[in-house]
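Remarks on the structure that follows.
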Amino acid sequence: MDTIVRQAAIEKQTEKWKKGAAFGLTGLCIIFAAVLVKAYLDGCFDTVDTFQKYMAGFGLAAPLFLAAFQAAQVVLPVLPGLLGCVAGALMFGASGGFWCNYIGISAGSILAFWLARKYGRDLVGRMFPGEKYEKWARWAADSRFYTVILFLGMVLPLFPDDYFCYFTGITKMRAGKFVAIILLGKPWCILAYCIAAAAAVG
(Lines give C-alpha, C1' and ligand atoms only; values in the text may rest on other atoms or scores of the structure.)
Protein backbone atom coordinates (compact mmCIF):
# COMPACT_ATOMS: atom_id res chain seq x y z
CA MET A 1 0.00 0.00 0.00
CA ASP A 2 2.82 2.39 0.88
CA THR A 3 4.41 1.76 -2.53
CA ILE A 4 1.15 2.53 -4.34
CA VAL A 5 0.65 5.71 -2.35
CA ARG A 6 4.25 6.76 -3.02
CA GLN A 7 3.91 6.14 -6.76
CA ALA A 8 0.67 8.09 -6.87
CA ALA A 9 2.32 11.00 -5.06
CA ILE A 10 5.27 10.95 -7.46
CA GLU A 11 2.96 10.86 -10.48
CA LYS A 12 0.97 13.78 -9.13
CA GLN A 13 4.12 15.75 -8.36
CA THR A 14 5.56 14.95 -11.80
CA GLU A 15 2.45 16.13 -13.61
CA LYS A 16 2.34 19.28 -11.50
CA TRP A 17 6.02 19.95 -12.15
CA LYS A 18 5.72 19.32 -15.90
CA LYS A 19 2.67 21.56 -16.25
CA GLY A 20 4.27 24.34 -14.21
CA ALA A 21 7.55 24.14 -16.08
CA ALA A 22 5.82 24.01 -19.47
CA PHE A 23 3.61 26.97 -18.53
CA GLY A 24 6.59 28.99 -17.33
CA LEU A 25 8.68 28.17 -20.39
CA THR A 26 5.79 29.01 -22.71
CA GLY A 27 5.30 32.33 -20.97
CA LEU A 28 8.98 33.17 -21.29
CA CYS A 29 8.94 32.27 -24.98
CA ILE A 30 5.93 34.51 -25.61
CA ILE A 31 7.51 37.44 -23.80
CA PHE A 32 10.80 36.84 -25.58
CA ALA A 33 9.07 36.67 -28.97
CA ALA A 34 7.18 39.90 -28.30
CA VAL A 35 10.40 41.69 -27.34
CA LEU A 36 12.15 40.42 -30.47
CA VAL A 37 9.29 41.49 -32.75
CA LYS A 38 9.35 45.01 -31.31
CA ALA A 39 13.13 45.15 -31.70
CA TYR A 40 12.86 43.98 -35.29
CA LEU A 41 10.29 46.65 -36.10
CA ASP A 42 12.58 49.24 -34.52
CA GLY A 43 15.42 48.21 -36.85
CA CYS A 44 17.61 46.61 -34.18
CA PHE A 45 18.20 43.52 -36.34
CA ASP A 46 19.36 45.30 -39.48
CA THR A 47 22.98 44.20 -38.93
CA VAL A 48 24.89 42.03 -36.47
CA ASP A 49 26.41 45.17 -34.93
CA THR A 50 23.03 46.79 -34.27
CA PHE A 51 21.74 43.50 -32.85
CA GLN A 52 24.68 43.15 -30.46
CA LYS A 53 24.36 46.78 -29.36
CA TYR A 54 20.67 46.18 -28.72
CA MET A 55 21.38 43.11 -26.57
CA ALA A 56 24.12 44.98 -24.69
CA GLY A 57 21.45 47.45 -23.59
CA PHE A 58 19.88 44.75 -21.40
CA GLY A 59 23.06 44.48 -19.34
CA LEU A 60 23.43 41.34 -17.23
CA ALA A 61 19.81 40.32 -17.85
CA ALA A 62 20.53 39.18 -21.42
CA PRO A 63 23.23 36.57 -20.67
CA LEU A 64 21.33 35.40 -17.60
CA PHE A 65 18.21 34.89 -19.71
CA LEU A 66 20.11 32.90 -22.33
CA ALA A 67 21.75 30.71 -19.67
CA ALA A 68 18.38 30.11 -17.97
CA PHE A 69 16.72 29.32 -21.30
CA GLN A 70 19.43 26.79 -22.18
CA ALA A 71 19.09 25.16 -18.77
CA ALA A 72 15.31 24.94 -19.24
CA GLN A 73 15.57 23.35 -22.69
CA VAL A 74 17.66 20.54 -21.20
CA VAL A 75 15.20 19.91 -18.37
CA LEU A 76 12.29 20.12 -20.84
CA PRO A 77 13.86 18.80 -24.05
CA VAL A 78 11.68 20.57 -26.59
CA LEU A 79 14.10 22.74 -28.56
CA PRO A 80 17.59 21.71 -29.70
CA GLY A 81 20.42 23.37 -27.79
CA LEU A 82 22.01 24.30 -31.12
CA LEU A 83 19.54 27.17 -31.47
CA GLY A 84 20.71 28.71 -28.22
CA CYS A 85 24.36 28.30 -29.21
CA VAL A 86 23.77 30.15 -32.46
CA ALA A 87 21.73 32.85 -30.71
CA GLY A 88 24.41 33.26 -28.06
CA ALA A 89 27.14 33.72 -30.67
CA LEU A 90 25.02 36.32 -32.44
CA MET A 91 24.22 38.18 -29.24
CA PHE A 92 27.54 38.10 -27.42
CA GLY A 93 30.14 36.85 -29.89
CA ALA A 94 31.84 33.44 -29.82
CA SER A 95 33.39 33.85 -26.36
CA GLY A 96 30.42 35.39 -24.55
CA GLY A 97 27.97 33.04 -26.26
CA PHE A 98 30.07 30.04 -25.30
CA TRP A 99 30.08 30.87 -21.59
CA CYS A 100 26.35 31.57 -21.47
CA ASN A 101 25.56 28.31 -23.22
CA TYR A 102 28.12 26.25 -21.33
CA ILE A 103 26.91 27.42 -17.93
CA GLY A 104 23.23 27.08 -18.84
CA ILE A 105 23.44 23.67 -20.52
CA SER A 106 25.70 22.26 -17.79
CA ALA A 107 23.35 23.51 -15.07
CA GLY A 108 20.34 22.05 -16.87
CA SER A 109 22.10 18.71 -17.36
CA ILE A 110 22.97 18.46 -13.68
CA LEU A 111 19.41 19.44 -12.72
CA ALA A 112 17.96 16.75 -15.02
CA PHE A 113 20.26 14.17 -13.42
CA TRP A 114 19.25 15.31 -9.92
CA LEU A 115 15.52 15.14 -10.73
CA ALA A 116 15.89 11.62 -12.08
CA ARG A 117 17.97 10.60 -9.07
CA LYS A 118 15.39 12.06 -6.68
CA TYR A 119 12.18 10.80 -8.31
CA GLY A 120 13.55 7.68 -10.01
CA ARG A 121 12.11 5.60 -12.82
CA ASP A 122 8.60 6.91 -12.23
CA LEU A 123 9.63 10.39 -13.34
CA VAL A 124 11.83 9.28 -16.24
CA GLY A 125 9.26 6.80 -17.47
CA ARG A 126 6.49 9.38 -17.43
CA MET A 127 8.61 11.96 -19.21
CA PHE A 128 9.64 9.52 -21.94
CA PRO A 129 6.82 7.01 -22.31
CA GLY A 130 6.86 4.17 -24.83
CA GLU A 131 8.59 0.88 -25.46
CA LYS A 132 11.94 2.53 -26.16
CA TYR A 133 12.13 3.80 -22.58
CA GLU A 134 12.44 0.31 -21.11
CA LYS A 135 15.02 -0.68 -23.71
CA TRP A 136 17.22 2.39 -23.16
CA ALA A 137 16.81 2.42 -19.38
CA ARG A 138 17.79 -1.24 -19.15
CA TRP A 139 20.79 -0.68 -21.39
CA ALA A 140 21.89 2.39 -19.38
CA ALA A 141 21.73 0.40 -16.16
CA ASP A 142 23.58 -2.69 -17.42
CA SER A 143 26.08 -1.51 -20.04
CA ARG A 144 29.75 -1.79 -19.07
CA PHE A 145 30.65 0.93 -21.55
CA TYR A 146 27.98 3.42 -20.52
CA THR A 147 30.44 5.89 -18.97
CA VAL A 148 32.54 6.04 -22.15
CA ILE A 149 29.48 6.39 -24.37
CA LEU A 150 28.04 9.09 -22.12
CA PHE A 151 31.27 11.09 -22.26
CA LEU A 152 31.51 10.76 -26.04
CA GLY A 153 27.87 11.80 -26.27
CA MET A 154 28.65 15.00 -24.39
CA VAL A 155 31.53 15.74 -26.77
CA LEU A 156 29.98 14.78 -30.10
CA PRO A 157 27.19 16.78 -31.81
CA LEU A 158 23.65 15.51 -32.46
CA PHE A 159 23.71 13.09 -29.52
CA PRO A 160 20.46 12.96 -27.48
CA ASP A 161 22.37 14.04 -24.39
CA ASP A 162 19.36 15.68 -22.72
CA TYR A 163 17.64 12.31 -22.48
CA PHE A 164 20.79 10.60 -21.28
CA CYS A 165 21.10 13.04 -18.39
CA TYR A 166 17.77 11.68 -17.14
CA PHE A 167 18.67 8.08 -17.85
CA THR A 168 21.98 8.46 -16.04
CA GLY A 169 20.10 9.62 -12.96
CA ILE A 170 18.52 6.19 -12.60
CA THR A 171 21.83 4.34 -12.92
CA LYS A 172 24.34 3.72 -10.14
CA MET A 173 26.75 6.36 -11.42
CA ARG A 174 27.97 8.68 -8.68
CA ALA A 175 26.81 12.28 -8.89
CA GLY A 176 30.38 13.58 -8.75
CA LYS A 177 31.37 11.42 -11.70
CA PHE A 178 28.41 12.62 -13.74
CA VAL A 179 29.19 16.27 -12.97
CA ALA A 180 32.81 15.73 -14.04
CA ILE A 181 31.66 14.18 -17.34
CA ILE A 182 29.37 17.15 -17.98
CA LEU A 183 31.95 19.79 -17.13
CA LEU A 184 34.72 18.13 -19.13
CA GLY A 185 32.69 16.86 -22.06
CA LYS A 186 30.20 19.65 -22.72
CA PRO A 187 32.41 22.60 -23.67
CA TRP A 188 33.89 21.25 -26.91
CA CYS A 189 30.75 20.87 -28.99
CA ILE A 190 29.30 24.11 -27.61
CA LEU A 191 32.52 25.95 -28.42
CA ALA A 192 32.54 24.58 -31.98
CA TYR A 193 28.93 25.70 -32.52
CA CYS A 194 29.62 29.18 -31.18
CA ILE A 195 32.80 29.66 -33.22
CA ALA A 196 31.08 28.44 -36.39
CA ALA A 197 28.05 30.69 -35.83
CA ALA A 198 30.21 33.75 -35.09
CA ALA A 199 32.36 33.08 -38.17
CA ALA A 200 29.28 32.69 -40.37
CA VAL A 201 28.02 36.16 -39.49
CA GLY A 202 31.45 37.76 -39.16
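Just so we're clear, the structure is a prediction, and the values are computed from it rather than from any experiment.
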**Asked** In terms of hydrophobic clusters joined by side-chain contacts under 4.5 Å, are Ile190 and Leu156 together?
**Response** no
To the nearest 0.5 Å, atom OG of Ser106 lies from atom CG of Leu111 at 12.5 Å
d(Cys165 SG, Leu115 CG) to nearest 0.5 Å is 11.0 Å
Using only atom types and a distance under 3.5 Å, with no angle test, would you say the side chain of Tyr193 pairs donor to acceptor with the backbone of Phe98? no
Quick check: is Val179 connected to Leu152 through a chain of hydrophobic side chains (ILVMFWY, heavy atoms under 4.5 Å apart)?
no
Rounded to the nearest 0.5 angstrom, the SG-CZ distance for Cys194 and Phe92 is 11.0 Å
Heavy-atom side-chain contact between Leu150 and Phe178 under 4.5 Å: yes
The reported gap from CZ in Phe151 to CG in Asp161 (rounded to nearest 0.5 angstrom) is 13.0 Å
Q. Is the shortest heavy-atom distance from the side chain of Val74 to the side chain of Tyr166 under 4.5 Å?
A. no
Rounded to the nearest 0.5 Å, the CD1 atom of Ile105 sits from the CG atom of Asp162 at a distance of 8.0 Å
Arg117 side chain to Ala112 main-chain N or O, any donor-acceptor pair under 3.5 Å?
no
Between the SG atom in Cys85 and the CD1 atom in Ile195, the distance rounded to the nearest 0.5 Å is 11.5 Å
On a heavy-atom basis, the closest approach of Gly88 and Leu66 is CA-CD2, 3.4 Å
Practice task
Could you tell me whether the side chain of Phe113 reaches within less than 4.5 Å of the side chain of Ile110, counting heavy atoms only?
Solution key: no
Next on the checklist: Taking Leu60 as the starting point, is it possible to reach Phe69 by hopping between hydrophobic residues whose side chains are less than 4.5 Å apart?
Outcome noted: no
Is there a donor-acceptor contact under 3.5 Å from the side chain of Gln70 to the main chain of Ala67?
no
* Cluster check Met91, Ile103: I/L/V/M/F/W/Y, side chain < 4.5 angstrom -> no
Side-chain heavy atoms nearer than 4.5 Å, only ILVMFWY residues, links allowed to pass through others: does that put Val148 and Leu184 together? no
How far apart are the C-alpha atoms of Leu183 and Tyr102, what are their side-chain angles, what is the distance that settles it, and do they pass the side chain to side chain contact (heavy atoms under 4.5 Å, CB included) test? CA-CA 9 Å; Leu183 296 181; Tyr102 176 53; 3.7 Å; yes
message: For Phe164 and Phe167, take the angle between the two ring planes, folded into 0 to 90°, and tell me which bin it lands in: parallel under 30, tilted 30 to 60, perpendicular over 60.
response: perpendicular
Only residue of Ile182, Thr168, Ile181 satisfying side-chain contact (heavy atoms from CB on, under 4.5 Å) with Ser109 is Ile182
